[in-house]
Number of protein chains: 2
Amino acid sequence: MIKLTAQRQAILDMINQSNQHWDAEILARALSDAGHSIGIATIYRGLTALEQAGLIQAMHLGDKKRYERSDKAHHDHLVCGSCGSIEEFFDEQIEQRQRHVASQYHFQMNGHQLLIFGICQQCLKLSVKGEQS
Amino acid sequence: MIKLTAQRQAILDMINQSNQHWDAEILARALSDAGHSIGIATIYRGLTALEQAGLIQAMHLGDKKRYERSDKAHHDHLVCGSCGSIEEFFDEQIEQRQRHVASQYHFQMNGHQLLIFGICQQCLKLSVKGEQS
DNA sequence: GTTATTATTGATAATAGTTATCGTTCTTGG
DNA sequence: CCAAGAACGATAACTATTATCAATAATAAC
Ligand SMILES: [Mn+2]
Ligand SMILES: [Mn+2]
Ligand SMILES: [Zn+2]
Ligand SMILES: [Zn+2]
C-alpha cells in the first residue's frame with residue numbers, strides 16, 4: 001500500500017496532467033519550475049514506488065526510463081528519430097499475434113514493448129521544405 | 001569502409017560464431033578467456049564501428065545495449081525475466097501490421113523493436129517442480 | 001500527549017554503462 | 001624508409017540510476 005506523500009502526489013499530478021513520456025531529469029526540472037523543489041533521489045524513488053503501485057507506467061527508451069500516465073489503455077509507440085516526439089497507437093491484431101507467438105513457444109507472456117522507429121509526419125514535411133536549398 | 005583490424009575481427013568472429021546477444025562487458029570477458037586481451041574502449045568502439053558497417057546488429061535491452069550476428073533474417077525477441085534467456089521469433093503478420101500502422105500515421109518507419117517479456121518454458125517447468133516444497 | 005518506532009526525505013557518495021581524451025602504436029601510400 | 005592518418009589502450013569523464021546516512025516527518029504505543 002503506497003503512501004502518497006506530498007512529493008509523490010506532486011510527481012503523480014505532473015504526470016497525470018500531461019501526455020508526456022517523462023524521464024526523471026526532465027520531470028525534476030518541471031516540478032522545480034512549478035515550485036516544488038524535490039530532491040532527485042526522491043524523484044527516482046517516487047517514480048519507482050508509483051510504478052509498483054500501478055499508478056504510473058514505465059518503458060525503456062534508449063538509455064533512459066520514461067514514465068507516463070497509467071489511466072489510459074495499453075498502447076505502443078512510434079518514436080521519431082529526428083525530433084524525439086512519441087506518437088501512440090494500438091493495434092489489436094498485433095496484440096493477438098503476440099499472444100499467439102507466445103503460446104506457440106510455451107512462453108508465459110506478462111508484457112511487451114513495441115517501438116516503431118522512424119521519422120514523424122511533421123519532420124518529413126520540414127525536411128522536404130529544407131531540401132530546396 | 002570499415003577497416004577490419006585484428007581486434008575488430010576477433011570481436012566479429014566471437015559474435016558470428018554464436019547465437020548470443022552480447023553486451024560489451026560479457027564479450028570482453030569471453031574474448032579475454034579466448035586469449036585476446038582487448039581494451040574495453042576498443043570493444044565499445046569496435047562494436048559501434050561493426051554495427052555502422054552492418055556487420056552486426058544491435059538492440060537495447062533494459063539498461064544495456066546488446067549485439068548479435070547480422071547474417072540472420074530480421075526477428076524479434078521473447079525475453080525471460082527469470083533466467084534472462086532470449087528466444088527469437090518472426091511473424092509476418094506483425095511486420096505487415098506495423099507497416100500498416102506507420103503508413104496510417106504518415107510515419108516513415110525505418111526500424112522497430114518488439115520485446116515480449118515473460119517466463120520461458122524451461123523456467124515454468126522448474127517453478128512447477130519447485131512449488132511442491 | 002509525550003515517547004518510541006518506522007518511513008521518507010535530501011544531500012551526496014557510489015555504481016554501471018558508455019564515451020572522450022590523449023599519448024603510443026600500427027598501417028599505408030609516397 | 002617516412003610522414004600522415006587510423007586505431008589502440010589506459011584511464012578520466014560523463015550519464016543515468018541506486019545506495020548511504022543523518023535529519024525530518026508520520027504513525028503507533030503507552
Ligand atoms: Mn505512451
Ligand atoms: Mn536475436
Ligand atoms: Zn519528428
Ligand atoms: Zn527462463
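Just so it is clear, the model here is predicted, and its values are computed rather than measured. Chain letters run A, B, ... following the sequence lines, proteins first, then strands; residues in each count from 1.
Using a 4.0 Å cutoff on non-hydrogen atoms, the parts of residues 14-53 of chain B near DNA chain C are B/A41, B/Y44, B/R45, ordered by number. A heavy atom lying under 4.0 Å from DNA chain D marks the following residues of residues 56-66 of chain A, by number: A/D63, A/K64, A/K65.
Ion pair A/E25/A/K64 not flagged as a salt bridge, since none of the NZ, NE, NH1 or NH2 atoms sits closer than 4.0 Å to an Asp/Glu carboxylate oxygen. A salt bridge is defined here as a Lys NZ or Arg NE, NH1 or NH2 lying under 4.0 Å from an Asp or Glu carboxylate O, and B/R99 with B/E92 meets this definition.
Under a 3.5 Å cut-off, the side chain of B/R66 and the backbone N or O of B/H21 do form a donor-acceptor pair. A donor-acceptor pair under 3.5 Å is absent between the side-chain atoms of B/Y105 and the main chain of A/C120, judged by distance alone. Under a 3.5 Å cut-off, the side chain of B/H75 and the backbone N or O of B/A73 do form a donor-acceptor pair.
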Self-check item: A/H74 vs A/H112, ring-ring contact (aromatic ring centres under 6.0 Å, His included): CA-CA, chis, key distance, verdict
Solution: CA-CA 10 Å; A/H74 167 74; A/H112 71 264; 4.6 Å; yes

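Sparse packing is recorded around CD of B/Q122, with 12 or fewer heavy atoms of other residues, nucleotides or ligands lying under 6.0 Å away.
Atom C1' of nucleotide D/dG5 and atom CD1 of B/I2 are separated by 17 Å, given to the nearest angstrom. Computed from coordinates, the B/K3 NZ to C/dT25 P distance equals 17 Å when rounded to whole Å. In this structure, B/Q7 atom CD and C/dC26 atom P are separated by 10 Å, rounded to whole Å. Atom CG in A/L4 sits roughly 17 Å away from atom P in C/dA7 (whole-Å rounding).
Not counting sequence neighbours, B/D33 has no partner by the salt bridge (Lys or Arg N to Asp or Glu O under 4.0 Å) test.
Phosphate proximity of C/dT9 to A/T5: present, with a side-chain N or O under 4.0 Å from OP1 or OP2.
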